Number of protein chains: 2
Amino acid sequence: MAPDSPVNAPYHHGDLRASALQMGMERLESQEQPDLGLRALARDLGVSATALYRHFPNKDALLDALALEGLTRLGAHQAAAAAQAGGGRDGFAEVGVTYVKWAVENPALLRLIYNRVGQVDLATDDPSAMGEAFYQLRAGIAATMPDEMSRDQRAAAALHAWSLVHGLAMLILDGQVAYDPAMVRKVVLMTDFSAG
Amino acid sequence: MAPDSPVNAPYHHGDLRASALQMGMERLESQEQPDLGLRALARDLGVSATALYRHFPNKDALLDALALEGLTRLGAHQAAAAAQAGGGRDGFAEVGVTYVKWAVENPALLRLIYNRVGQVDLATDDPSAMGEAFYQLRAGIAATMPDEMSRDQRAAAALHAWSLVHGLAMLILDGQVAYDPAMVRKVVLMTDFSAG
DNA sequence: CAGTCAATGATAACAGTGTCAACATAACTC
DNA sequence: GAGTTATGTTGACACTGTTATCATTGACTG
């Protein structure tokens, strides 16, 4: 009855919004570059380009939705990895390796996430969701930090870890360095949390 | 006489190629996103869009040329920073801070560099120049590595350093974390080259 | 159950893009 | 000075995101 539920699917033709997001997601997963075209997407959906405008105000909104979905997946993925891997250096290394692996397996999606989410006006576009998703990501990365650190130290260490794995992932995605899990592990382990 | 010299300027109207690159560079330096439009650029140059096709086979080639120029500047910048900063941890930190600072000051250019150069077919598009420029960059970053390392250790350490500063720069450019030089230094110093 | 209306979709059009073919003009060469 | 080559322009094509307008369909109301 109340149509304000976020997930109420069946409209009169199909559930275009969901279909569009799903199709867009598949496209992103099977592509290298996140060059999703609104018209091309609509074409693949067997629908007219302008039909998408009934569900998204513009292309950016569509991409934002996809980026949010991707960020949610990445955040959950990292949180799970952090939960499974124990603490200590090994756990930290494993979480980092997981991040890079996910990035390599979802290049276009990772690019979309960082290209869009940071620019989103959090005041107007579902701030809690965006904040939550990125919080999950940061928490997953920071979960393996040593406990005996001060708050500032933990913040710096988390930023160090995030920068390290993200930068490594970007270098790999940009073709600057080949993907080698062993090398990733070695590079990630070269971090000294007692310093700083 | 011999027109095979790479730098022979005066053509019959002006030196469009150089003007285009210069204008494009200015555009990139004053913008956040590297969304250079071929037609828009030509318009600003007071020239017809297709005129640029006498100097570049297509838009990608133009962007590649700009990316190469940017990479050369970045490489020189890093090499200079590495030469000025002494060795040791302080020198290393200074080179890293310099990288991030340059990125913050040239966001569109840095994005263009990494978006394009990695995808360039090095076999067909001036391989030596591309290789040289990136070699300069890597050398600048790796110059402050401890000497007593093995070759593999040095490679891993250089990749670690590069990933770290590049990732941090990207997070800042994407608006994920605010730019704070002190924080950058702190984060960069959290690297332990004796590990791994 | 009939009728109204809002939600959803399609068409046509506009401005903008990168790119090509054809044409024009200036510069350089002999 | 004539001819060839290099450079620049115009017009067009396919494509894109977007809007205005029209069509249809489902859902709710009486």
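Remember, predicted model here, so these are calculated numbers, not experimental data. Every chain is numbered from 1 and lettered A, B, ... according to where its sequence line falls, protein lines coming before strand lines.
- Residues passing the salt bridge (charged side-chain N to carboxylate O under 4.0 Å, His left out) test with B/D90, sequence neighbours excluded: B/R185.
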Problem - Reading 5' to 3' through nucleotides 16-22 of chain C, protein heavy-atom contacts under 4.0 Å coded B for base, S for sugar-phosphate only, - for none - result: -BBBB-B
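- Considering only residues two or more places apart in sequence or on other chains, A/A82 meets the side chain to side chain contact (heavy atoms under 4.5 Å, CB included) condition with A/V95, A/A143.
- In terms of the side chain to side chain contact (heavy atoms under 4.5 Å, CB included) criterion, B/Q84 has no residue partners (sequence neighbours excluded).
- Separating the CG atom of B/L52 from the C1' atom of D/dA6 is a distance of 15 Å, rounded to the nearest angstrom.
- Evaluation of the salt bridge (charged side-chain N to carboxylate O under 4.0 Å, His left out) rule for A/E69 yields A/R73 as partners, not counting sequence neighbours.
- D/dG26 atom P lies 15 Å from atom CG of A/D15, rounded to whole Å.
- Using a 4.0 Å heavy-atom criterion, one finds that A/A51 contacts the sugar-phosphate atoms exclusively.
- When rounded to the nearest whole Å, the span between CZ of A/F56 and P of D/dT18 equals 13 Å.
- Annotation: side chain to side chain contact (heavy atoms under 4.5 Å, CB included) contacts of A/A155 (sequence neighbours excluded): none.
- The shortest distance between the side-chain N/O atoms of A/H55 and the OP1/OP2 oxygens of C/dG9 is below 4.0 Å.
- Atom CG in B/L45 sits roughly 11 Å away from atom P in D/dT9 (whole-Å rounding).
- Judged as a salt bridge (charged side-chain N to carboxylate O under 4.0 Å, His left out), and not counting sequence neighbours, the contacts of A/E105 are A/K101.
- Residues satisfying the salt bridge (charged side-chain N to carboxylate O under 4.0 Å, His left out) criterion with B/D60, sequence neighbours excluded, are B/R116.
- The end-to-end axis angle of the helix from C/dC1-D/dG30 to C/dC30-D/dG1, rounded to 10 degrees and based on five pairs per end, is 0°.
- We find that A/E32 and A/R111 are joined by a salt bridge, their nearest charged nitrogen and carboxylate oxygen being less than 4.0 Å apart.
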